[in-house]
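Everything below concerns the one structure shown next.
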Amino acid sequence: MDRPAAGASYQRFPRVRIRDLKPDFAKFELRDTDASMANALRRVMIAEVPTVAIDLVEIEVNSSVLNDEFIAHRLGLIPLTSAAAMQMRFSRDCDACDGDGSCEYCSVEFNLSARATDSDQTLEVTSTDLRSADPKVCPVDQARAYQQALGGESYDPNTGDQRQVVLHLISLVANPFVVLSCLVHFIPLLLMLALGRGILIVKLRRGQELRLRAIARKGIGKDHAKWSPAATVTFMYEPDIRINEELMETLTLDEKRSWVESSPTKVFELDAITQQVTVCDAEAYTYDDEVIKKAEAMGKPGLVEITAKEDSFIFTVETTGAITAYELIMNAITVLRQKLDAVRLQDDDGDLGELGAHLGGP
Amino acid sequence: MAVDDRDDAAGKEVPPPPSYRSLAAPVANPVDKFALLPAFLKVRGLVKEHIDSFNYFITRGIRNIVQANNRIEARNDPNIYLRYTNVHVGKPSVQVDYKIEEITPHFCRLTDRTYSAPIRVDIEYTVGKQHELQLKRNVLIGYMPIMLRSYTCILHGKDEAELARLGECPLDPGGYFIVKGTEKVILIQEQLSKNRIIIDTDSKGRVIASVTSSTHEIKSKTVITLDKEKIYLQLNQFTKPIPIIVVMKAMGMESDQEVVQMVGRDPRYGDLLFPSIQECASERIYTQQQALQYMDEKVTYPGAGNQKEGRSKSILRDVFIAHVPDYVGNKRLELSGQLISLLFEDLFKTMNSQAVEMMNRNSDKTRSSPSDFSQLIKHEAITSGLERAISTGNWDIKRFRMHRKGVSQVLSRLSYMASLGYMTRITPQFEKTRKTSGPRALQPSQWGMLCPCDTPEGEACGLTKNLALLTHVTTDQEEGPLMNLCKSLGVEDLTLLSGEEIHAPGSFLVMFNGLILGKHRQPQTFAKTMRKLRRSGQIGEFVSIFVNEKQHCIHIASDGGRVCRPLIIADMGISRVKEDHMKELRDGIRSFDDFLRDGLIEYLDVNEENNALIALYEHVDQDDVERSSITHIEIEPLSILGVVSGLIPYPHHNQSPPSFLFEVKVTFLYNVLQLFRADSLLYLLVYAQRPLLTTKTIELVGYDKLGAGQNATVAVMGYSGYDIEDAIVMNKSSLDRGFGRCIAMKKYTVMKENYGDGVSDRIAKPQRDKDSVLVKQNMRALDEDGIAAPGQIIRNHDVYVNKQTPSVIDRRGAGALLRDREYKDSPAIYKGVDGETTVVDRVMLCSDTNDKLSIKCIIRHTRRPEVGDKFSSRHGQKGVCGTIVQQEDFPFSERGICPDLIMNPHGFPRFDISFVIFKYLFYLFINFPNLVSRKMIELIGGKAGLSCGRFHYGSAFGEPSGNADKVEDISNTLIKHGFSYNGKDFLYSGILGHPLEAYIFMGPIYYQKLKHMVLDKMHARASGPRVLLTRQPTEGRSRDGGLRLGEMERDCLIAYGASMLIFERLLLSSDPYQVQVIFEVVCEFPFGRGWNCATADAVVLGSVCRKCGLLGYYNHKLKASYRSMCKNGENMAKMRLPYACKLLFQELQAMNVVPRLKLTEG
């Protein structure tokens, strides 16, 4: 990639166009900037936007089949509504408490008490059994219930219908890789949400009991993935597809069809009437080069020219439900700005150290 | 053996020619035949051969042994006797305070007991002077360890729910013993078969033919050697080898012509025999009488000189049994039943002879009324004998000259596969150290019987083998009825025939289990009839009928230890198993045994396979094989592999190094009831998954229920440089979410000793001061009873059992309780890793067999993967975690897929030369598809599986029968779901946001965590303990040892010239010592007189006398060096040398060698 000479101005004025915005899904275009900017935004969204997650578990009684650490780990991975996370304090920075969890600025207490009574049925302990001390912070699937309990005034991350969340999560099944890469994070969430029963923590047989106190704290995804609000944050370069119409006209209908079908994703379309090949969905193109190879195999190199527009990106953002996609993006920008401010403040001190060398400045 | 020489993959698709198809009109689809495999395993289980063999012993073998030795009598009065009339093995039980309690295997495991059942006999014996006959029933003669899931085991025939109630895992196959709480498998032993003549050369290069004979009374070895062209017979009963012709004459063949005629009329035989005949003549032995006399002189028998007459005759009759050469070096597999039966036979006989001994002693001592035998039968010997042999694995049976070590082994419970692997393992008869390649080579006769892949690396390679999936090992079958049957089918007794008739052309010799039964004039008809009888179930299904055209023999075998496997019978190449049979099987109307009974399937052993022509698939046309000559069809080609190698997907695509199969066994266990077990070390994977790309074997053995790994999304690319040498890069977020997380559980046992007189250890509650604060901080894990409480966090140096031991043990005058100060603390202190949080999982209290309280604490540690932990895919691709990287730094695709780990493409399995050879071998039988690395196929197969929501299969040789998905189909699935056909994706760099310049091969691969974890291995020390003797740092992690600067490291430093560093490392940091040397080298003392060491209080530093070069000492009273020999302090020098060096000098002096140090002024 060409880099401008040292000292040149990098300043650009990026534009954002939001295409789709759902509570936990967003698709937007980021234009007139370069990969470093887009990637910085992506990285911050994954790793540095704070949320709240269970961090400390005190187990009173646990006679379930899963051991204490196992349950603690599972509890940690339950996404909690974290709209207030930006305003909360990190436990390590909090001077109002000594980190024992009874502090309103840095922590939220949860209680869980479940016991399988005499029935022969297996009792499923789920996130709905978690009792939060602060109605603002609760498992994401309970947000609605809490909201109703509070008379509809409180903030609800799932502003839309919960069914929509469920549907959306089901649609994730269609993309199994997401499920796979967010292995533990998602499967219970998915199944239980789809059934509307909360996130499964453990199953209890008759006579077994689980009683615990948990403290949720603010944190960032860099420290542990449980604090990452992002399920998927990804971007792609916008492809620029130019079909050589003249060359295309030399193809027969069958050749056109086989060429169109050579793309694993549906990028091109063959109009049945006009027999014209058109680009129907440029963004479906995965830079797989299949159509180019096909064209070469057909003896028509240069049939199509595909380049990536290096200054425009299409972002796809999905959240775990801890915060809305909108908040995720906005918080990410805030965090990014804070980080840049930190650099700039250091710059004012005139002591950039090694960083100065990297920035290429004086 | 069927030869399947088909064309390449393309050829498979071509439908067979029409004529062929019409011939095979109702061809059963080969896919459907697969249902036979689960049906087979359902009937037989995975370790049926062990259980069958043990069942045979319990029901029949033990009875035969007792019957054969059923009468014991006093030597001086045969009227005093005891006779065993019946024997049976009861249910596993234990006698506690005169009460018999039934026990479960799980109870035994937890309480360190032996899972054994009483052996009871019914006896009749004489009492008193009048020898009145008395009967007694159910007399205990010992306890027999019981194999799990055998007839006598309480688990026999239980369903899953009942098993769970008994604390047993339903997937556990059984087939092992529990002795003193540990699970022991008796490995399958490979043996040369008994009663067969084996031709070999001995150490002196002589040709020998040996026969090991075995009956219930006696086991002997007969050897015939060829020495200087003369043939001799060697028997242990004779002091010297006997010329063979003498033996012949002793048996009644007085004329040489008769001898030659019996051997065969061919003049060659005559020539060969000539020197032997000549020798016999030179000894002047012409008649039977003379021959017997000659032999009698050579008989060895302890004592009984007068009985010598006629001994040789009985030896000839009983011991030396004639065999006709049968050169087949057959192998027999000895299973637990046979081995235990040997052991029991020996112990039983010992018990009886001891009883006789006692009886004699009694009657010698007292002339009063003789005691009866029933009092002399002691059951301890059998109980402890059996227990000892199984728990140590040493089969030392003098009676049968058997000295074997390592017969039984501890059943590895590290992973489910490891346990299964133990059950199918066959230990070799050969010494492992022999460097021969012959017995290690893959034998064509192993096909379908023994797994071609599953063998360990290293010295036992090729010797230790594993059974294939469908192999059955036979047990003994009743011989009498079969022999009678043969006779009635026209076998003529040899005794009725002359030598001439025996060698008549066209007639075949009939051999039954290696014995000559007789001759048959129409061998083919005879064999056909026998087989027909077997198929109709008239004779046992494991009886083998083998026609050996070359040797003009028909071998009928019904003995135990033969390997055999089921095959579908084909008439003129048409399978007998039809679609409707399979439908019945699927509907559950028909079982595998019905197939056997209806003559659709039969078992063939290795010998009989030579008479069969076996096709792999029915629907495949054979190029050079007449279809009508095909007699059998394979059930499934994947059954040529064993249980463990069946786990590998697409094993036929590239080589599987034996190391991998070993690695499978070191991955984690996921036993259904693991949490109730008390293994000394147990690793569990927290979120175990079932592989996305499975094989049929995986499903058959239940590995999908006990998964030991996780499907990781793997990107194959270079990343960060921390991925060299097969290292992998892991995604931190994946680890946060539970990838590779495991639980390690360790058992710590504390015994509460009893010292007699009511004095014993005690468990004290933790001491607290008046504010009830613990006095000692390391007791925080303890409960009020002084034992660690379950759920407590326990750290390094914490006490888990606060035990106190009485300080005076041999206190006389019992009764009064010991006072507190008479106890001293001897707490059990947990030794863990600093900074790690471990938790007490469970505490178990039980009393062992000696009524001592044993406290078992199981301490649990949850570990997440860290740098240096070892992982492996299913392709022998082990690698350590090189670095852990944040998710945002990982590459991602525009779909949002981010890999869990990154593997370097250099790590892809390579095709090495051994695989080429392997492939060539198998090309003879099965054509190979194109050589795509099977790891790559696993990846795209898994990816396609994810896309379309179906588990994909990669069974061995499964493509033609549909048990493995073809690469083309997988690619099509991928394309359908918008992926590239070759499994490659377009990725962006997570660090820069740029697209990566290459397409990255990415998809799920099943990864397993191996037990080698850094946490258990990391070790370093600055200063620490030293060995008392040499004063050098200790060795090894367990002793907090130093890190050795070895010879090679030293060489480097020498080469580098870093003398100060060497000095510092080898002396100062190890064992520096100062000695006083006597300076000049003047030898005043006679050599080798020894050197008197100074008294201990005087020696602090050694000194060397300058004069004699010996070591002196530093006398602290005189504050001067002193020499012990010269008795003064002159000419002393100080020098530094390693303490080990000083020690060496002194040790040499102790051996009368004087080392002298020559010192020069430096």
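Below, chains carry the letters A, B, ... as their sequence lines are ordered, and counting in each starts from 1. Just so it is clear, the structure is predicted and the values come from calculations on it, not from any experiment.
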Measuring only between side-chain heavy atoms, which start at C-beta, is [X] closer than 4.5 Å to [Y]?
| X | Y | result |
| --- | --- | --- |
| A:Asn67 | B:Arg860 | yes |
| B:Tyr988 | A:Met236 | yes |
| A:Tyr237 | B:Pro995 | yes |
| B:Asp736 | A:Lys226 | no |

Aromatic centroids of A:Tyr287 and B:Tyr999 separated by under 6.0 Å
no
Donor-acceptor contact present, side-chain A:Thr234 to main-chain B:Ser893, <3.5 Å
yes
A:Asn39 side chain vs B:Ile991 backbone, donor-acceptor pair below 3.5 Å
yes
Salt bridge between B:Lys984 and A:Asp288, side-chain N to carboxylate O under 4.0 Å?
no
side-chain contact (heavy atoms from CB on, under 4.5 Å) partners for A:Val57, two or more places apart:
A:Ile54, A:Ile59, A:Ala72, A:Leu75, A:Leu212, A:Ala214
Excluding sequence neighbours, so at least two apart, what forms side-chain contact (heavy atoms from CB on, under 4.5 Å) with A:Glu261?
A:Arg257
Heavy-atom count around [X] [atom1] within 6.0 Å, excluding the residue itself: above 12?
| X | atom1 | answer |
| --- | --- | --- |
| A:Lys293 | NZ | yes |
| B:Glu836 | CD | yes |
| B:Lys976 | NZ | no |
| B:Arg950 | CZ | yes |
| B:Lys746 | NZ | no |

Engaged part of B:Thr837 at the chain A interface, taking heavy atoms whose separation is under 4.5 Å:
neither
Turns out that what part of B:Ile743 lies under 4.5 Å from chain A's heavy atoms comes down to side chain
Parallel, tilted or perpendicular: which fits the ring planes of B:Tyr687 and A:His73, with parallel below 30° and perpendicular above 60°?
tilted
Among A:Arg43, A:Arg42, A:Lys222, find the residue that satisfies the salt bridge (Lys or Arg N to Asp or Glu O under 4.0 Å) test when tested with B:Asp889.
A:Arg43
Run the side chain to side chain contact (heavy atoms under 4.5 Å, CB included) test on A:Phe70 and B:Arg741 for me, step by step, so that the C-alpha distance in whole Å, both residues' side-chain angles and the decisive distance to 0.1 Å come before the verdict.
CA-CA 10 Å; A:Phe70 207 138; B:Arg741 185 171 290 238; over 6 Å; no
With rounding to the nearest 0.5 angstrom, report the [atom1] to [atom2] distance, [X] to [Y].
| X | Y | atom1 | atom2 | answer |
| --- | --- | --- | --- | --- |
| A:Thr232 | B:Phe892 | OG1 | CZ | 11.5 Å |
| B:Asn982 | A:Glu290 | CG | CD | 7.0 Å |
| B:Ser980 | A:Asp289 | OG | CG | 9.5 Å |
| B:Glu894 | A:Thr316 | CD | OG1 | 9.0 Å |
| A:His224 | B:Arg737 | NE2 | CZ | 9.5 Å |
| A:Ser228 | B:Gln886 | OG | CD | 10.0 Å |

Given a strict heavy-atom distance threshold of 4.5 Å, which part of A:Asn62 is in contact with chain B: side chain, backbone, both, or neither?
neither
